[in-house]
Amino acid sequence: MSKDYNPKEIEAKWQKIWEDKSFNRSEADPDKEKYYVLEMFPYPSGKLHMGHMRVYSIGDVLARFLRMKGYNVLHPMGWDAFGLPAENAAIQHQVPPAQWTDNNIAFMKKQQVSLGLSYDWEREVTTCHPDYYRWTQWLFLKLYEMGLAYKKKADVNWCSQCETVLANEQVIDGACWRCGTGVVTQDLEQWFFKITQYADRLLEDLELLEGWPERVKIMQKNWIGRSEGAEVDFPVKDSEKVISIFTTRPDTLYGVTYMVLAPEHPYVKELVAGNQQEKEVLDFVEEMRRVSEIERTSAETEKLGVFTGAYCINPLNGEEIPIMVGNYVLMGYGTGAIMAVPAHDQRDFLFAKKYNLPVKLVIKPEGSDLTSENMTEAYEDPGIMVNSAHFDGMDSQECIGEITRYLEIKNWGKHDISYRLRDWLVSRQRYWGAPIPIVYCGKCGTVPVPYEDLPVKLPEDVELKDSRQSPLEESEEFQKAPCPRCGQEGRRETDTMDTFVCSSWYFLRYASPHSEVFPFEREDVDYWMPVDQYIGGIEHAILHLMYARFFTKALYDAGLTGVKEPFSRLLAQGMVYKDGAKMSKSKGNLVTPDEIIENFGADTGRLFILFAAPPEKDLDWNDQGVEGCYRFLRRVWRLVNDNKDHVIPGENDIKVQDLSTLEKETYHTLHSTIKKVSEDIQKRFNFNTAISAIMELVNALYSYLDKVEEGKVNKALFSRSIKELIIILAPFAPHICEEMWSDAVGAEESVHLQDWPHYEPEALKAADIEIVVQVNGKVRDKIKIPVDYNQEEMLNAAKDLPKVQSHLEGKNIIKEIAVPNKLVNLVVK
RNA sequence: GCGAGGAUGGCGGAACUGGCAGACGCGCUAGACUUAGGAUCUAGUGCCCUUACGGUGUGCGGGUUCGACUCCCGCUCCUCGCACCA
């Protein structure tokens, strides 16, 4: 151990030793309690950024801490390696996507190692390697077998920039989640996963997720968008057709004065065929097609509509009502048609006023004189039923059920639940993804590739041209395949899977990364799953976290896992900013993990990123703050290095009663620090306060050395303090602690294999405590008293203080309050 | 509009169950050591009044309490998510 702290030297040294000893490996062991710590695996974009460094630092502290606590910890890492950037890079730099990706992975893995992250690299998974995507395909076939994967023609979101379709979740404000290009709808044949079949379970089981942030659960709940109501059939006048609508307000059915169809509704064309309104309606529909999704769905957009010339019949009262086509009705929700009740829905009200359609009041607030004529806005609250035949006089909320039952008896409609959630569109017209294992046969139709024929390999000798056409569509060799069923020549599906499919099950593969028989072994996932602590960015609140939950549930149904939810606890870590803005090259505020490691070492970087803010909050990067952490580590280094002589190996027995007052204080600080650090890490995830407590301990030890008489250092106490300091700092700054542990402490075994120290309640009671003495709630003095003083002793001690007495003079004490370990308050008058 | 979270020194943040507001760190000020200091150490650092004594202070206005950053009522502002969802 040299005199100066040299992070570069010791970090490289220990990283090598750790790798050789590989004690981060984990084996399933039913006799040990397991803990699965997982950080969201990265896309191998090329280099780690500060966001990565933050999430890995959080996970690594937890993993190291829990190992020392005696848990059997699984802490794996891998690569979400399929995706469009690899294709773009291939075109730009003339490198095959596989090569580009593998190079990036190699580089980023080196960076991760240089951060001192304690991953079990034996379990590394890479989603673009055949030994992984083979199992992604296997799971696709499983879902297909279960009827959860299907192909259909539908209006889908198309990103012209990425030249592929997108799932609904991947359209943010009408634009592509990746490149921001506005999406357009196209009518295409595509593969879907039936996530809607799990809508209720995805919603209900949110309640099981006590360890998830409330906001993430709410976001998922909103996204699923469950509404309960009724589906009602309205027969079209002079026609065999029936228009179905969905409503959450069957109690307003008698107030329907018109219907509105979405412009894309399949009946529109037929309803206007050959009539006067045909041209106007078709022009309107055409115009709506041209308006972008963003404009169409904005709440501010003016509500527009045209009359179709057709009428339908309200089944409840036989009234004829006009059918309109309107821009504010969406084909993607409910049935694409609505009943309009202007009296009780504000949108309908505005629309009715604009187009002079009738308003009919059917629910009245109790005791009011509201009428159809005098209302100035829709009345949306519950009330008393009017103008509703035999339901008149009833409570409107009761009528929701009553009228639904009536509809069911009469066969006019039924109770129904509608969701905002759509099925997950998983096919992509891209090359760099897992091929969908399907063959189309002229005779047999759509035929799944047999499990034993997997993987359907991506051809790697492809040329990516600027055309953006998937090379798979041009590859005769890839497409030509015998039909698995009849042997005739068929053609392979050329679409690949959404990369979110690959990331929907990777946490299961970590449990049995080398299985050649199954995607994962039941025995392994039974031991390791669920992930006890998942850590990642809030940007995945819906996308990845919803898909992974869906997969887990489907695989549960298939009997492949025994867990209903994949992630017990979720920590959504905040972003890393600098100077109030997101770090980026273009803004010139970029700080990279590499330069921090280069200038200060990984330990300093880890410490700062954990110290600067609690993990779930956004973090403002501050170069001077980094230097502060560097200074702290050097201060620890000097403390240990300069006082090696006082450190004696082996057990250090300490008898409290033999300690001096100064020693008792130090002993007390040591143990209250251990208590605080343990709780801050495990219970609160407040690494920032854990680190500050360790800093206080270091200050206290310096102060002890400063105060103690020359040559009178209590070696047992000091040794024990130094050892436990190194142990509790080790999860945060693993390299420097390992070096100090091996050199100053002289231990053979790694500091990371030590047991986490226990705090001793006896130590916490060793020293006197300082309490506050207040008069009328104002602090007038402080006093040191033994911990076990009772209330009377506290009060007596307080009243004896001269400063207190000066405030009591000439006054009567009317109340005395004594809170043990805290304060005394004397109320006087 | 709906929902969630937040507002504490010059800055990042702490105060966990109602009990010393500002721990810890950064920055700043003064001093020590030094050829030098951007190393290290010591002291100080919410605001106000000349020191002390004291007063005052956690977005704003009320309330409960011996005691409120913390609980209750009413506002303001900020961030995020959702938003024609029938």
Side-chain angles (χ1 to χ4, degrees), chain A residues 4 172-173 213-223 225-227 229-230 245-249 252 260 262 296-303 326-330 332-341 345-348 350-351 418-421 538 541-542 574 607-608 611-614 616-629 631-632 634-635 638 676 679-680 683-684 686 688-699 702 706 770-782 803 806 813-828:
Chain A
D4 293 320
I172 315 290
D173 292 333
E214 204 53 37
R215 62 180 168 143
V216 175
K217 289 195 272 185
I218 289 168
M219 279 159 84
Q220 294 216 349
K221 195 176 159 195
N222 289 342
W223 187 263
R226 180 185 198 272
S227 359
I245 59 95
F246 175 76
T247 179
T248 53
R249 292 294 301 274
T252 65
V260 191
R296 255 298 290 285
T297 55
S298 162
E300 279 91 59
T301 305
E302 196 186 4
K303 289 159 189 50
N327 64 344
Y328 71 103
V329 177
L330 309 171
Y333 183 78
T335 59
I338 62 155
M339 63 178 211
V341 188
D345 181 288
Q346 187 60 16
R347 287 160 303 167
D348 297 343
L350 294 173
F351 192 86
S418 195
Y419 299 92
R420 213 184 81 113
L421 183 71
I538 188 76
I542 294 172
L607 199 68
F608 170 72
F611 178 63
E616 69 280 3
K617 277 187 74 168
D618 288 340
L619 180 152
D620 200 40
W621 187 269
N622 178 324
D623 290 331
Q624 284 165 329
V626 180
E627 282 176 43
C629 287
R631 268 206 291 269
F632 168 70
R634 284 208 317 250
R635 202 165 134 78
R638 282 197 313 272
K676 177 154 178 64
E679 286 172 0
D680 281 355
K683 289 191 192 154
R684 307 202 305 157
N686 281 9
N688 53 332
T689 50
I691 293 167
S692 73
I694 297 174
M695 288 173 169
E696 284 180 83
L697 174 62
V698 170
N699 292 344
Y702 267 109
D706 191 42
E770 192 178 60
I771 62 156
V772 165
V773 182
Q774 298 178 333
V775 179
N776 283 349
K778 292 206 167 97
V779 181
R780 296 304 179 186
D781 208 352
K782 291 169 188 180
K803 278 191 193 167
S806 73
I813 298 178
I814 54 174
K815 194 164 186 177
E816 296 176 342
I817 293 135
V819 183
N821 299 336
K822 297 265 162 118
L823 56 51
V824 165
N825 187 13
L826 303 169
V827 185
V828 299

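Labels below follow one simple rule: chain letters A, B, ... track the order of the sequence lines, proteins then strands, and each chain is numbered from 1.
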By the 4.0 Å heavy-atom rule, please label [X] as base, sugar-phosphate, or nothing.
X         : result
Lys683(A) : nothing
Lys221(A) : nothing
Val772(A) : base
Val329(A) : base
Gly225(A) : nothing
Pro213(A) : nothing
Arg226(A) : nothing

| field | Pairing residues for Gln346(A) by the side-chain contact (heavy atoms from CB on, under 4.5 Å) criterion, not counting sequence neighbours | value |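 side-chain contact (heavy atoms from CB on, under 4.5 Å) list for Gln346(A), sorted by chain: Phe349(A), Leu350(A), Glu377(A), Ala378(A), Glu380(A).
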
| Partners passing side-chain contact (heavy atoms from CB on, under 4.5 Å) against Glu302(A) (at least two apart in sequence or in another chain) |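 By the side-chain contact (heavy atoms from CB on, under 4.5 Å) rule, Glu302(A) matches Leu304(A), Lys354(A).
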
Interatomic distance at [atom1], [N] relative to [M], whole Å:
N      : M      : atom1 : result
G22(B) : C47(B) : C1'   : 13 Å
C53(B) : C60(B) : C1'   : 32 Å
G25(B) : A39(B) : P     : 16 Å
U70(B) : U58(B) : C1'   : 10 Å
G46(B) : U8(B)  : C1'   : 10 Å
U34(B) : C41(B) : C1'   : 12 Å
A21(B) : A15(B) : C1'   : 7 Å

Quick one: is [N] close enough that its OP1 or OP2 comes under 4.0 Å of any side-chain N or O from [X]?
X         : N      : result
Arg634(A) : U40(B) : yes
Arg215(A) : U79(B) : no
Arg638(A) : A39(B) : no
Ser418(A) : A86(B) : no
Arg631(A) : G27(B) : yes
Arg684(A) : A15(B) : yes
Arg420(A) : A86(B) : no

Distances under 3.5 Å only, N/O to N/O: pair up the protein atoms with those of nucleotides 21-24 of chain B.
residue	atom	partner	partner atom	Å
A23(B)	O2'	Glu696(A)	OE1	3.1
A23(B)	O2'	Glu696(A)	OE2	3.3

| said: Determine whether Phe632(A) and Phe611(A) satisfy the following criterion, ring-ring contact (aromatic ring centres under 6.0 Å, His included), listing intermediate values before the conclusion. | reply: CA-CA 12 Å; Phe632(A) 168 70; Phe611(A) 178 63; 8.3 Å; no

Length of the line joining [X]:[atom1] and [N]:[atom2], which is rounded to integer Å:
X         : N      : atom1 : atom2 : answer
Glu616(A) : G81(B) : CD    : C1'   : 17 Å
Asn776(A) : A68(B) : CG    : C1'   : 17 Å
Phe608(A) : G12(B) : CZ    : P     : 12 Å
Tyr419(A) : C85(B) : OH    : P     : 19 Å
Asp618(A) : C78(B) : CG    : C1'   : 13 Å

| Under the side-chain hydrogen bond (donor to acceptor under 3.5 Å, both in side chains) test, which residues partner Arg249(A), sequence neighbours left out? |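 Expected list: Asp251(A).
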
| message | If the condition is side-chain hydrogen bond (donor to acceptor under 3.5 Å, both in side chains), which residues does Arg635(A) pass it with, not counting sequence neighbours? | response |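 Asn699(A).
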
| Pick from Val819(A), Val824(A), Val779(A): which one makes a side-chain contact (heavy atoms from CB on, under 4.5 Å) with Val772(A)? |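 Of the listed residues Val819(A), Val824(A), Val779(A), the side-chain contact (heavy atoms from CB on, under 4.5 Å) partner of Val772(A) is Val779(A).
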
| request: Tell me whether G12(B) sits syn or anti, counting syn as a glycosidic angle within 90° of 0. | output: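 With its glycosidic angle more than 90° from zero, G12(B) counts as anti.
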
| field | Whether Phe351(A) and Tyr328(A) hold their rings parallel, tilted or perpendicular, with breakpoints at 30° and 60° | value |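 Geometry flag for Tyr328(A) against Phe351(A): tilted rings.
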
| Would Ile538(A) and Arg215(A) count as a side chain to side chain contact (heavy atoms under 4.5 Å, CB included) if you check the C-alpha gap in whole Å, the side-chain angles of each, and the deciding distance to 0.1 Å? | CA-CA 10 Å; Ile538(A) 188 76; Arg215(A) 62 180 168 143; 3.7 Å; yes

| query | Given that Gln624(A) and Tyr333(A) both sit by RNA chain B, which one's nearest nucleotide is further toward the 5' end? | reply |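 Checking each residue's closest nucleotide, the 5'-ward one belongs to Gln624(A).
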
| field | Watson-Crick and G-U pairing of RNA chain B written in dot-bracket, each distance under 3.5 angstrom, with | for inter-strand partners | value | (((((((..(((......[....)))((((((.......))))))(((.....)))..(((((..]....))))))))))))....

Among [options], find the nucleotide with the atom closest to the side chain of [X].
X         : options                : answer
Lys303(A) : C84(B), A86(B), U56(B) : C84(B)
Lys815(A) : C20(B), A14(B), C66(B) : C66(B)
Ile218(A) : A86(B), G3(B), C20(B)  : G3(B)

| message | I'd like to check Lys803(A) versus Val773(A) (side-chain heavy atoms, cut-off strictly below 4.5 Å). Are they in contact? | response |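 In short, these two side chains do not touch, never coming nearer than 4.5 Å.
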
| task | Quick one: do Ile814(A) and Val828(A) satisfy side chain to side chain contact (heavy atoms under 4.5 Å, CB included)? Show the steps, please. | result | CA-CA 5 Å; Ile814(A) 54 174; Val828(A) 299; over 6 Å; no

